[in-house]
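Below, read A as the first sequence line, B as the second, and so on, with proteins coming before strands; counting in each chain starts at 1. Any value given below was found using the heavy atoms of this structure, including those in side chains, with hydrogens, waters and symmetry copies removed.
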Number of protein chains: 2
Amino acid sequence: MREGPDIARIASLVGDPARANMLNALMGGTALTASELALEAGVSLPTASSHLSKLMEGGLLTLASQGRHRYYGLAGPQVAGMIEAITGVAEAVGPKRVRPGPRDGAMRVARVCYDHLAGEQAVTMLDRLVEKDILLRDDKEIRLGPSAVSHFAAIGIDVGAKPRRPVCRACLDWSVRRSHLAGTLGAAILDKILLEKWARREKDSRAVVFSPPGKQAFERVFLG
Amino acid sequence: MREGPDIARIASLVGDPARANMLNALMGGTALTASELALEAGVSLPTASSHLSKLMEGGLLTLASQGRHRYYGLAGPQVAGMIEAITGVAEAVGPKRVRPGPRDGAMRVARVCYDHLAGEQAVTMLDRLVEKDILLRDDKEIRLGPSAVSHFAAIGIDVGAKPRRPVCRACLDWSVRRSHLAGTLGAAILDKILLEKWARREKDSRAVVFSPPGKQAFERVFLG
DNA sequence: CGCATAGTTCGTTCCTCATCGAAGCATTCT
DNA sequence: AGAATGCTTCGATGAGGAACGAACTATGCG
């Protein structure tokens, strides 16, 4: 009966279906209001509100008040990583479906993870960027290579500024079990993809589907 | 209200204090009997038995029957990884203790993670092995370098055989937030450390404490 | 065979906690 | 100011599940 960090407390927060649905929804990266999360979780507003205050108290969420709207978001990448890890186990031990649904396929290829792109496409992209020495990888640490600033500037992404958040960060992918690119650069790239309309977000899902020309453009710019 | 892998189911299994204690105990790597786990969790035998069957049904544990003894163990590295991830969050958001207990310090330096060494020492070791090109790291993938077989043979560790489990594997460290070495090689190294009595396991804890001469020997062999 | 040890199953008790309706604040719009 | 929207708090209800004692099964020992 040893004492350590209270993992039961954290796990039980995720362990309620309503809260799990909310957290899953927030893995999409955009902060959501209490009403949206209530809908997402399939519970009434009072119930959702109660869950949200528990998640807040547990330190899993952040809150940004804007007028009468209150936007809830994941507390950070570490929390997102934990949820990915749990998802991985659930996926592995879960009931093996006869055939993975089409949405599952799309999720494997490309999806939103917190605020950046995940899935096979994202893993391949990071591999290529490292291969071309635009990024330098050393374990979890990813740094900008010498040509990075000019390379991304040409695409219209400014990596020169030094924000509080790290520019590059590795994030473990549950479907491929390898890392993809997170951090402000990862977020900027996802923005770019959606802004250029190379891909659109699947309704009510974290899946990201590329249009055929969009995929070509993406590959030309980031993998080429 | 989207459907995905049932993360609430998995998280709620970890979310009960008794079960969390059991899982924590099993993070020590050695399989334990129901009675030992009951003691560990601070519950009666029937209660423990009930919890264990739930964990089994959830796919988090494996069972090895030996006569009238039934040894429970973690189902695999993925489960261990998930628990580390949850531990990391719990550690981060948990009540900041005024001063970290002495055992916590020891845990940070070196501890057992499933079947291999984790903590600062383990992270440093992996760094050095990569630096010396004995191991080659490429993202999550860690491969043996050209000199690896002879290098480890000299220490008395055979990495030539090709077992089912991967020889090398990266495992994320919750205290240092960097990777350390898992896989059969990681397990063999931990065996070596304990066999040579360079270190001993702290009673009732995952902590591993090196004796002064043991630490020297370890550093000579693996960091030198 | 009979006794001891290891573990599971059963039935009961009890308590936590998820849920929702109604009412209460707060902010914005007109 | 008054009405409407977004959200939280309160109170009551109900269900799930954690707990243990007692009885039952299985293995090992003399």
Hits for side-chain contact (heavy atoms from CB on, under 4.5 Å) against B:A188, two or more places apart or cross-chain, chain-then-number order -> B:I157
Would you mind reading off the distance between B:E57 atom CD and C:dT9 atom P, rounded to a whole angstrom? 11 Å
Measure CG/A:N21 against C1'/C:dT19 and give the value in whole Å, please. 15 Å
Which atoms of nucleotides 20-22 of chain C (N or O only) lie under 3.5 Å from a protein N or O atom, and what are those distances?
residue: C:dC20; atom: OP2; partner: A:S44; partner atom: N; Å: 3.0
residue: C:dC20; atom: OP2; partner: A:S44; partner atom: OG; Å: 3.1
residue: C:dC20; atom: OP2; partner: A:T47; partner atom: OG1; Å: 2.9

B:L55 CG to C:dT8 P, in whole Å, measures 12 Å
Side chain of A:A18 only, heavy atoms from C-beta on: which candidate in C:dT9, C:dT19, D:dT8 is closest? C:dT19
Could you measure the distance from the CG atom of A:L60 to the CE atom of A:M82? Nearest 0.5 Å is fine. 5.5 Å
So, is B:Y71 close to the C:dA6 phosphate, meaning a side-chain N or O under 4.0 Å from OP1 or OP2? no
With sequence neighbours left out, the residues meeting side-chain contact (heavy atoms from CB on, under 4.5 Å) with B:T33 are B:S35, B:E36, B:H69, B:Y71
Flag, side chain of A:R19 to backbone of A:S12, donor-acceptor distance under 3.5 Å: yes
Partners of A:K215 by salt bridge (charged side-chain N to carboxylate O under 4.0 Å, His left out), sequence neighbours excluded? A:E219
What's the CG-C1' distance between A:L13 and C:dC17, to the nearest Å? 13 Å
Just the atom pairs and distances: protein N or O near nucleotides 13-17 of chain D's N or O, under 3.5 Å.
none

Roughly, in whole Å, what's the span from CE in B:M22 to C1' in D:dA18? 12 Å
Quick one: list whatever passes side-chain contact (heavy atoms from CB on, under 4.5 Å) with B:A110, sequence neighbours left out. B:L117, B:Q121, B:V208, B:F210
With B:E57 via salt bridge (charged side-chain N to carboxylate O under 4.0 Å, His left out) - residues at least two apart: none
Which is true for A:T33 with a 4.0 Å heavy-atom rule: it touches a base, it touches only sugar-phosphate, or it touches nothing? sugar-phosphate
With a cut-off of less than 4.0 Å, is there a side-chain N or O of B:R70 near OP1 or OP2 of D:dA26? no
For A:T47, what residues pass the side chain to side chain donor-acceptor pair (under 3.5 Å) criterion, not counting sequence neighbours? A:S44
Grab the CG-P distance between B:L39 and C:dA6 for me, whole Å please. 12 Å
For A:I155, side-chain contact (heavy atoms from CB on, under 4.5 Å) partners two or more places apart: A:H151, A:F152, A:K192, A:V221, A:F222
